[in-house]
Amino acid sequence: MNPLNMFWSPWRVIHEQADKGSLAFARFVVFGFWAIYLTISPIELVGELPLEIARPVRLLELLPHGLQQFCFSGSTLYVLRYVCLGLSLLCMFSDKALRYTGLPLFFALAMIQGILRSWGSVNHGEIAPLLATMILAICATDDLIWPALKKHSGRAFYPLAMICGCICVAYSFVALHRLLDPTVLFDDSMRGWAIKSSYKDNFLPAGFGHLAAQYESVALLLKVGFIVTTLFELLSPVALFHRRFRYVWLIYMAGFHIATMLFMRILFWENMLLYLLFFEGINSDSLPTTGAIWRKIRTFGGHTGSPDVAADL
Amino acid sequence: MSIPQSLSRKSAVVRVVCVVAVAAVLAELTISRETVLIIAEGLLLAGLFSLLVLPGTCRRAWDGMPGPYRALSLFLMFGLVFGQLAHNKRGTFPFISFNMYARSEAYPPVGVIVIGNAADGSKVPVSPAQLYPNLSHNRMANFVSHLVGRVYGTKIEMDVEEHEAAVDKLGQFSKALVRAHNLRNPSQPIIGVFYEQVTYPLRSQGPAADSAHYLEVGYFDSKGVLR
């Protein structure tokens with residue numbers, strides 16, 4: 001047997017055979033992310049910072065000053081946080097909720113993310129989940145634009161492929177941009193970033209990056225890791241078509257994110273969570289529906305629930 | 001069949017004129033390095049998307065894609081490419097450029113630390129990132145570095161007015177920082193903040209922080225006034 005055959009598998013677009021359950025699982029993951037994010041992020045605290053020192057993103061900059069002040073105030077952000085949290089929880093479980101509240105929720109989340117990026121650098125932390133939210137919200141209302149789509153067989157496939165495509169293409173962009181100045185891969189830049197990140201003010205515990213100044217072997221390890229990671233980032237789109245490469249890619253990228261946390265104190269848990277969407281065949285059959293949760297709540301209150309509540313959950 | 005001499009001469013002249021014209025236009029445009037890089041990056045992205053549509057399976061998926069999904073895909077592709085090439089993250093958000101860790105910085109890294117000044121003169125560590133945890137992923141640290149760099153840095157050229165505006169911004173931020181710190185740490189109140197620039201060595205015998213160079217660059221009181 002040719003050993004190369006081990007790595008061969010037919011080229012097929014990811015999620016080509018996805019069904020409604022797979023899409024519901026994606027909904028659960030994406031809005032689950034927002035539910036966790038909004039629970040642990042006290043976004044309203046930025047209302048304490050003076051608006052005069054903010055550098056809002058263009059869309060917020062276009063707002064009149066009064067409206068900007070209103071949007072950036074702590075109380076508005078507080079209300080927005082909990083409204084978005086409630087809607088995210090609903091959208092996690094209900095297709096109907098996503099259909100009617102998905103787009104407003106996306107705009108609200110984009111506003112929150114824009115406001116947070118008015119202080120400091122505009123980074124890519126929550127960009128992938130934000131784009132995934134946009135895709136899911138638009139696709140949930142697709143049959144309103146085109147009624148013929150209601151029974152289209154690819155209704156689950158296309159949104160899922162688009163989300164995975166955005167993630168992979170973004171990774172490739174990172175690598176391609178780096179190739180414009182490849183010296184960055186071979187000089188001491190990586191060593192410097194690791195040292196700086198180790199001592200940077202951060203809410204994550206101190207990492208091991210500072211060891212790069214002390215030990216050449218650590219610096220070499222980081223440099224080799226940087227080159228290999230750039231290669232994997234460049235090849236990311238292959239993961240959309242080749243199942244076996246996808247698993248190798250997922251393992252490597254997950255390891256890369258963990259290493260980044262340990263050496264540079266940067267954790268992209270958002271992207272790591274979205275890696276779940278790269279596994280085909282996972283669907284929401286085992287996830288509870290809002291109806292089942294509601295019936296369960298009612299039975300706790302002493303009401304008589306339907307006999308199949310347990311089965312629903 | 002032989003080409004008439006007059007025609008070949010004419011075509012030679014046309015070629016020469018074309019080359020000269022193109023050179024003149026390019027010279028007139030004086031293409032900057034940034035433009036060349038954008039063109040190069042654009043070509044790389046075009047190559048990437050061309051490779052994406054090469055597999056037959058991808059083309060079949062595209063052919064079978066209903067109109068609205070196709071429109072959404074094209075919109076996403078346009079947004080991602082536009083955001084990437086524009087290199088203006090604030091302008092194109094939520095389509096931003098993915099250009100992290102792409103510029104060589106092979107020199108000793110410089111960081112900024114914030115130290116609170118208690119009423120009794122003792123020094124208290126202040127962490128903007130922990131005071132505003134939602135501005136995570138180094139966003140807050142970058143913000144502080146940016147503000148301090150504008151006031152005390154040597155890289156940015158600015159006139160007196162711009163410098164005063166930068167000092168005012170850092171003052172307002174310092175005021176907010178003191179207030180937030182005192183609110184969340186009532187047992188350790190502070191009356192002002194020091195900013196220190198730290199230059200870490202790229203190579204050291206012991207921990208890098210031990211052989212780092214610390215430079216106190218400024219002190220702002222609780223009213224945001226530079227002292």
Side-chain angles (χ1 to χ4, degrees), chain A residues 11-13 41-43 45-46 48-50 52-53 55 57-58 110 114 116-117 119-125 127 130 138 142 145-146 149 152 154 158 162 166 169-170 172-174 176-178 180-181 183-184 187-189 191-193 195-196 199-203 210 213-214 237 241 266, chain B residues 37 40-41 44-45 48 52 55 57-58 61 64-69 72-73 76 80 84 89-91 93-94 96 98-107 109 111 127-130 132-143 169 172-173 176 180 200-204 206-209:
Chain A
W11 290 65
R12 195 169 55 75
V13 183
S41 298
I43 56 168
L45 289 181
V46 297
E48 294 173 1
L49 291 170
E52 289 73 26
I53 60 169
R55 291 188 299 153
V57 297
R58 179 66 52 81
L116 293 182
R117 279 163 176 79
W119 287 278
S121 53
V122 178
N123 67 6
H124 49 286
I127 295 295
L130 199 60
I138 292 176
D142 55 4
I145 306 163
W146 193 337
L149 281 178
H152 196 280
Y158 292 116
M162 275 188 248
C166 280
V169 163
S172 266
F173 281 10
V174 176
L176 286 174
H177 188 79
R178 214 167 273 157
L180 292 174
D181 180 15
T183 52
V184 76
D187 62 16
D188 274 339
S189 300
R191 184 199 292 255
W193 292 324
I195 298 166
K196 189 176 176 177
Y199 294 116
K200 223 177 205 179
D201 180 29
N202 199 322
F203 67 102
H210 61 93
Q214 232 174 315
F241 306 106
I266 300 171
Chain B
L37 285 178
E41 192 169 8
L44 285 175
L45 299 188
L48 171 76
L52 273 178
T57 173
C58 184
M65 192 184 270
Y69 290 141
L72 180 59
S73 304
L76 286 170
L80 287 167
Q84 180 72 1
K89 292 178 178 177
R90 283 182 202 285
F93 175 84
I96 63 166
F98 294 89
N99 56 3
M100 57 293 274
Y101 301 107
R103 206 173 38 194
S104 179
E105 290 178 31
Y107 42 80
S127 165
Q130 281 173 15
Y132 299 100
N134 45 308
L135 296 176
S136 56
H137 281 324
N138 297 327
R139 242 175 249 157
M140 201 55 177
N142 291 343
F143 181 60
K169 277 190 174 183
Q172 289 197 46
F173 175 69
Y200 300 101
L202 274 178
R203 288 172 178 79
S204 63

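Letters A, B, ... are given to chains in the order of the sequence lines, protein chains preceding strands, and every chain is numbered from 1.
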_If I compare all heavy atoms of A:A213 with all of B:A208, which pair ends up nearest, and what's the gap?_
CB-CB, 3.8 Å

*Please state whether the side chain, the backbone, both or neither of A:I138 comes within less than 4.5 Å of a heavy atom of chain B.*
side chain

*Contact origin within B:Y69 toward chain A - heavy atom pairs under 4.5 Å*: both

*Under 3.5 Å: donor-acceptor pair, side chain of A:Y199, backbone of B:G111*: no

*Of the backbone (N, CA, C, O) and the side chain (C-beta and beyond), which part of B:L80 lies under 4.5 Å from a heavy atom of chain A, both, or neither?*
both

*With a 4.5 angstrom heavy-atom cut-off, which part of A:W119 approaches chain B: side chain, backbone, both or neither?*
both

*Heavy-atom distances under 4.5 Å only: say whether A:L130 touches chain B with side chain, backbone, both or neither.*
side chain

_Region of B:I96 that comes under 4.5 Å of a non-hydrogen atom in chain A_ = side chain

*Max heavy-atom pair count under 4.5 Å with chain B, selected residue of A:V169, A:L176, A:T183, A:D181*: A:L176

*Return yes if some donor-acceptor pair links the side-chain N/O of B:Y101 with the main-chain N/O of A:V174 below 3.5 Å, else return no.*
no

*Least distance between heavy atoms, B:E105 atom then A:S189 atom*: N-OG, 2.8 Å

_Exam field: side chain A:R178 to backbone B:M100, donor-acceptor pair closer than 3.5 Å_ = yes

_Contacting moiety of B:L44, where chain A heavy atoms sit under 4.5 Å_ = both

*What part of A:L45 lies closer than 4.5 angstrom to a heavy atom of chain B: side chain, backbone, both or neither?*
both

*asked:* B:K169: which residues meet the side chain to side chain donor-acceptor pair (under 3.5 Å) condition with it, sequence neighbours left out?
replied: none

